[in-house]
2 protein chains.
Amino acid sequence: MAKHEKISEAVVRRLPIYLRYLSYLQQNEVTTVSSQQMGKNLDVNPAQIRKDLATFGDFGKKGIGYDVNYLVEKIRQILKLTEEVRVALVGAGHLGHAISNYNAYLKDNMRIAAIFDNDPGKLGKEVAGIPIQPMDELAKTIPDKQIKLAIITVPASAAQSVCDLLTQAGIKGILNFAPTTIRANKDVRIHYADVTSNLQSLAYYLT
Amino acid sequence: MAKHEKISEAVVRRLPIYLRYLSYLQQNEVTTVSSQQMGKNLDVNPAQIRKDLATFGDFGKKGIGYDVNYLVEKIRQILKLTEEVRVALVGAGHLGHAISNYNAYLKDNMRIAAIFDNDPGKLGKEVAGIPIQPMDELAKTIPDKQIKLAIITVPASAAQSVCDLLTQAGIKGILNFAPTTIRANKDVRIHYADVTSNLQSLAYYLT
DNA sequence: TAGATTGTTAATCGATTAACAATC
DNA sequence: TAGATTGTTAATCGATTAACAATC
């Protein structure tokens, strides 16, 4: 099914966007969609959408478009969302709390399965029903619970050492909210979502 | 100074990363840095760094490198951070609270100057010393306080209408944490930072 | 001077878009 | 059949990297 080219990060970044729109169509009981309609709603070139999808298989029907349910299923397969994906959160501060409580909205088989913090005062407490564990349990809990992704919401000064711990524990992808660059082996993907650099690059476009 | 090419978004996204590392060097009283050193620390090709910077002027000295203080000043000018940049936050839920409290860390002349929420129960309350205002004051407060950027932390279902209000009020850039695509005029930049799509694209790389 | 490093050109690489035959 | 729309090739566009003369 999938062709053996290497897939660009840009394509992978667009798949969740497509999935989100398709889920919306499902909720509205729309059964078929064209690349044109998707493109119009998502501000993406229709040819790009067709090309992105064709990378993984022939999902559409000429003259008709894409079956919404089928395409949702296929994209979920591609994104490995067919089995539950467990996520660790490191840093139970304000931001960590907010993201954990948001857990309910992490649809599509994603779940925060463990929370870690180095503040002894927080140990034993729970966030969104998940106990806060000390950092030194991280190395054991992550493989035990088969956690593969992690969210970093610690201060910038601690981010690299947390990244190192996570990598050693077998984490394969990190979403970093700390305002600092972190480095890991090539086989660990790192995405950045920090407020500061996002806002700073927006500021460039002022006036 | 600045050349009249159009600057790619990729370059603009890297400038805050450079700035962050340079600030770190400043704190450590390092006065000079080479593109090689920067590249090594930030995982960016040195030629890319030189090219990015050369887009805006001749900031370096051949054989020597870049003066850290001078380069910081120049990048801050390019990013329009020489005057205070005011930011509105819409949605005073958990995530909004977390980001507002983080305000102290929004260095480099950025400040959350107003917070809006449509929950009557929250009105009059404060977050990080900033009063929560009702949505219908948005159209007046934003131009009054010369707010140019906004952060959206409302539920996905409300994000587009909030985006419309912000755009009408004159906002020029939006950082969207809601898990949905939003659309605005071409002159309004939108950056996305939602947890769900970030995690989903990370999941692609599992095993 | 010799070594280091920039700014810039040229080469490479990759991503996006247009166009269209195939076909539902 | 006629209209619509995919999958894919070719063309375009843009971004990254290598290489090196200029020069501190």
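We name chains A, B, ... by the order of the sequence lines, and we start the count at 1 in each one.
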Listing request: all salt bridge (Lys or Arg N to Asp or Glu O under 4.0 Å) pairs with a residue in residues 162-188 of chain B, at least two apart in sequence or in separate chains. A:Asp43-B:Arg183, B:Lys172-B:Asp187
Which nucleotides of nucleotides 12-18 of chain D have their base under 4.0 Å from a protein heavy atom (B), which only their sugar-phosphate (S), and which neither (-), written as one string 5' to 3'? ---SSBB
With sequence neighbours excluded, tell me which residues meet side-chain contact (heavy atoms from CB on, under 4.5 Å) with A:Arg20. A:Ile17, B:Pro179, B:Thr181, B:Asp194, B:Ser197
Are side-chain N/O atoms of B:Tyr21 and B:Gln37 paired as donor and acceptor at under 3.5 Å? yes
B:Lys122: partners by salt bridge (charged side-chain N to carboxylate O under 4.0 Å, His left out), with sequence neighbours left out: B:Asp117
Would the number of heavy atoms belonging to other residues, nucleotides or ligands and lying under 6.0 Å from NZ of A:Lys80 be above 12? yes
Dot-bracket line, read 5' to 3' along DNA chain D, where crossing pairs take [ ] and | marks a partner on another strand, Watson-Crick or G-U under 3.5 Å: ..||||||||||||||||||||||
Under the rule for side-chain contact (heavy atoms from CB on, under 4.5 Å), what residues qualify as partners of B:Gln36, not counting sequence neighbours? B:Ser34
For A:Glu9, all residues meeting salt bridge (charged side-chain N to carboxylate O under 4.0 Å, His left out), sequence neighbours excluded: A:Arg13, A:Arg189
Could you tell me if the side chain of A:Thr180 sits less than 4.5 Å from the side chain of B:Tyr24, heavy atoms only? no
Who pairs with B:Gln146 by side-chain hydrogen bond (donor to acceptor under 3.5 Å, both in side chains), at least two apart in sequence or on another chain? none
Quick check on contacts: within residues 16-26 of chain A, what sits under 4.0 Å from DNA chain D by heavy-atom distance? none
Tabulate atom names and distances for all N/O pairs under 3.5 angstrom spanning the protein and nucleotides 22-24 of chain C.
| residue | atom | partner | partner atom | Å |
| --- | --- | --- | --- | --- |
| C:dC24 | O4' | A:Lys62 | O | 2.9 |

Going by the rule salt bridge (charged side-chain N to carboxylate O under 4.0 Å, His left out), which residues pair with B:Lys140 if we only count those two or more places apart in sequence or in a different chain? B:Asp144
Could you pull out all residues at least two apart from A:Glu137 that satisfy salt bridge (charged side-chain N to carboxylate O under 4.0 Å, His left out)? none
If you compare every side-chain N and O of B:Ser35 against the phosphate oxygens of C:dT6 (OP1, OP2), does one of them come in below 4.0 Å? yes
